[in-house]
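Dumping the structure here so I can ask a few things about it.
Numbers restart at 1 for each chain; the letters A, B, ... are given by sequence-line order, proteins then strands.
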2 protein chains.
Amino acid sequence: MSELEHYIKSYFGIANQNDLKTIVSLFKSTTIKKGDYFLKSGKICEKLSFIQSGLLRIYIKTEDKEVTQWISTKGYFVTDLSSLVFNTPARFTIQALIDCELYTIDRENYLLLKSLIPQWPELEKLFIARCFVMLEERIFSHLSMTAEERYDLLFEQNKELFNQVPLQYIASMLGMSPETFSRIRKKKSI
Amino acid sequence: MSELEHYIKSYFGIANQNDLKTIVSLFKSTTIKKGDYFLKSGKICEKLSFIQSGLLRIYIKTEDKEVTQWISTKGYFVTDLSSLVFNTPARFTIQALIDCELYTIDRENYLLLKSLIPQWPELEKLFIARCFVMLEERIFSHLSMTAEERYDLLFEQNKELFNQVPLQYIASMLGMSPETFSRIRKKKSI
DNA sequence: AGCTCCACTTGACAAAAGTCAAGAAATTAA
DNA sequence: TTAATTTCTTGACTTTTGTCAAGTGGAGCT
């Protein structure tokens, strides 16, 4: 369980060892098989998970295509924040791309944190603020970069992803067609 | 001051009238003239403002161009969240497009809120989460829509903006060139 | 009025990215 | 292993979007 501890420490910046133990104890080890759904759009998201191992794809189905919003990887958290926090139907579907080991906290225990750890809301705020900033940066990339530049940026940040998941999903997540992705990829290999 | 009250109530979902008074009392009425800077990138952002009237453009200067990240309008808040919350140099420059009336809280009083209003961190969390969800939607629009579809979406959501600010800024904020924006615009008028 | 400064528009062209269809390669299942 | 399925690549072509450059039009100033 120490990996979760380590990440919660670095994500939430918790110094107090007791609080850390309390938080970690509320996460239960769970698994999810390749192809299974962590969440289906329209349902209420009742959990937040830390990814010990595996990959999950977060996407939205529109009439004519699937749009991959993000692929969550080892060492990160996964949930539909909007659904979890506001208790509204999820907009995203989340599916395991390979078998995953997760540490999962359900809504009940998640709400418990507020009373068990006095500074939890503050920590949570900082966590969400950090996520917000990441999205700001992602928007900036769409306002100012070409498809190829976005490819380069992601590749630099997360090379491993490029040989772990179907490339079409990465293409979608970068806002380009699989063909464009493939052509950029070819260009790099020459 | 009742407009600020109203918006804080709806943004933060505050029921308690005393808390509301306390919060509102920490915001001071300020103004900023057309062309003046609310924030310059590189500086630490020391304030959060509610826009009573006016328009502010949030942008980033790159080597070869200015990228407008967003234009904040009446009834919304403006700040560099990352800089305010994490005390880091601002990535954004924020400039008044016209004279603005603001209600502004400085960092000192902003931090005071935590101690004055017990549930403040929780409210703040919800506020930031709502902002996060808006950005998620914006990213989705870049992953799944053409320039024209993004134009239509924004126009639907905020028609007024289109005759209040230089169109080139809206173009940039939508991730397209001024020329493309102009051509889409022409198409609509025919 | 005439001048200046912007912002916007327009046309011609170039580059980027999407679409469609066929086929190759890789992965999964039998 | 072979067969079936999925994913990826490639070429030909279209559409979308960007770039450059010239020109229009308006707001404000002298």
Inset, instruction - Output the single nucleotide from D:dT17, D:dT10, C:dA17 whose closest atom is nearest the side chain of A:K186. - result: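 The closest nucleotide is D:dT10.
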Inset, instruction - Using the ring-ring contact (aromatic ring centres under 6.0 Å, His included) rule, take B:F50 and B:Y7 through it: C-alpha gap first, then chi angles, then the decisive distance, then the call. - result: CA-CA 9 Å; B:F50 172 80; B:Y7 276 108; 5.2 Å; yes
Legend entry - Rounded interatomic separation in angstrom, taking NZ from B:K187 and C1' from D:dT15: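 For the pair B:K187 NZ and D:dT15 C1', the rounded distance is 11 Å.
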Legend entry - Selected nucleotide, minimal atom distance to A:M176 side chain, candidates D:dC8, C:dG18, C:dT10: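 Ranking D:dC8, C:dG18, C:dT10 by closest atom to the A:M176 side chain puts C:dG18 first.
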Legend entry - Side-chain donor/acceptor of B:S83 to backbone N/O of B:I44, under 3.5 Å: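 No, B:S83 side chain to B:I44 backbone: no donor-acceptor pair under 3.5 Å.
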Inset, instruction - Counting heavy atoms from C-beta on, name the nucleotide in D:dT9, C:dG18, C:dG11 closest to the side chain of A:R183. - result: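 So the nucleotide nearest the side chain must be C:dG18.
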Legend entry - Heavy-atom closest contact (B:T104 atom, B:K47 atom, distance):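 Heavy-atom minimum between the residues: CG2-CB, 3.8 Å.
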Inset, instruction - Could you tell me the separation between the CD atom of A:E148 and the C1' atom of D:dG18, rounded to a whole number of Å? - result: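 Rounded to whole Å, this separation is 16 Å.
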Inset, instruction - Look at the side chain of A:S177 and decide which nucleotide, out of D:dT10, C:dT9, C:dT19, has an atom nearest to it. - result: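 Nearest to the side chain of A:S177 among the choices is C:dT19.
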Legend entry - Residue pairs passing the ring pair (Phe, Tyr, Trp, His ring centres under 6.0 Å) test where at least one lies in residues 28-49 of chain A, sequence neighbours excluded: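 Qualifying pairs: none.
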Inset, instruction - Check every strand shown and say whether A:Q168 touches a base, only sugar-phosphate, or nothing at a heavy-atom separation below 4.0 Å. - result: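 Sugar-phosphate, backbone atoms only, no base.
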Inset, instruction - Figure out the CG/P separation between B:L97 and C:dA7, and round it to whole Å. - result: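 Distance, rounded to whole Å: 10 Å.
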Legend entry - Phosphate-side-chain proximity, B:T180 and D:dG18, N/O vs OP1/OP2 below 4.0 Å: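 Result: yes.
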Legend entry - Length of the line joining B:R150:CZ and D:dT17:P, which is rounded to integer Å: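 Roughly 7 Å, once rounded to whole Å.
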Legend entry - Residue B:P166, side-chain atoms from C-beta onward, closest of C:dC8, D:dT19, C:dG18: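 Of the candidates, C:dC8 comes closest.
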Legend entry - Atom-to-atom span, CG of B:L167 to P of D:dT24 - whole angstrom: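 Rounding to the nearest Å, CG of B:L167 and P of D:dT24 are 20 Å apart.
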Inset, instruction - Between C:dC8, D:dT17, D:dG11, spot the one nearest the side chain of B:T146, thanks. - result: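 In terms of side-chain proximity for B:T146, the closest of C:dC8, D:dT17, D:dG11 is D:dT17.
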Inset, instruction - Could you tell me whether a side-chain N or O of A:R91 sits under 3.5 Å from a main-chain N or O of A:I60, the two making a donor and an acceptor? - result: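 No, the answer is negative, given that no donor and acceptor are paired below the 3.5 Å cut-off.
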Inset, instruction - For B:G175, answer base if it contacts any base atom (sugar-phosphate contacts may also be present), sugar-phosphate if it contacts only those atoms, and nothing otherwise; contact means non-hydrogen atoms under 4.0 Å. - result: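 Counting heavy atoms under 4.0 Å across all strands, the contact made by B:G175 is with sugar-phosphate only.
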Inset, instruction - Kindly indicate whether the side chain of B:E179 and the base of C:dC8 share any N or O donor-acceptor pair separated by less than 3.5 Å? - result: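 By the distance-only test, no, there is no pair.
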Inset, instruction - Report the distance from atom NZ of A:K34 to atom C1' of D:dT5, rounded to the nearest whole Å. - result: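 Taking NZ of A:K34 and C1' of D:dT5, I get 12 Å after rounding.
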Legend entry - Closest listed nucleotide, where the reference is the side chain of B:Y169 and the choices are C:dG11, C:dA7, C:dG18: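 Shortest atom-to-atom distance from the side chain points to C:dA7.
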Inset, instruction - Could you check how far CD1 of B:I98 sits from P of D:dG28, rounded to whole Å? - result: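 It works out to 13 Å between those atoms.
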Inset, instruction - May I have the distance from A:R57 (atom CZ) to D:dT7 (atom P), rounded to whole angstrom? - result: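 Computing the A:R57:CZ to D:dT7:P distance gives 9 Å.
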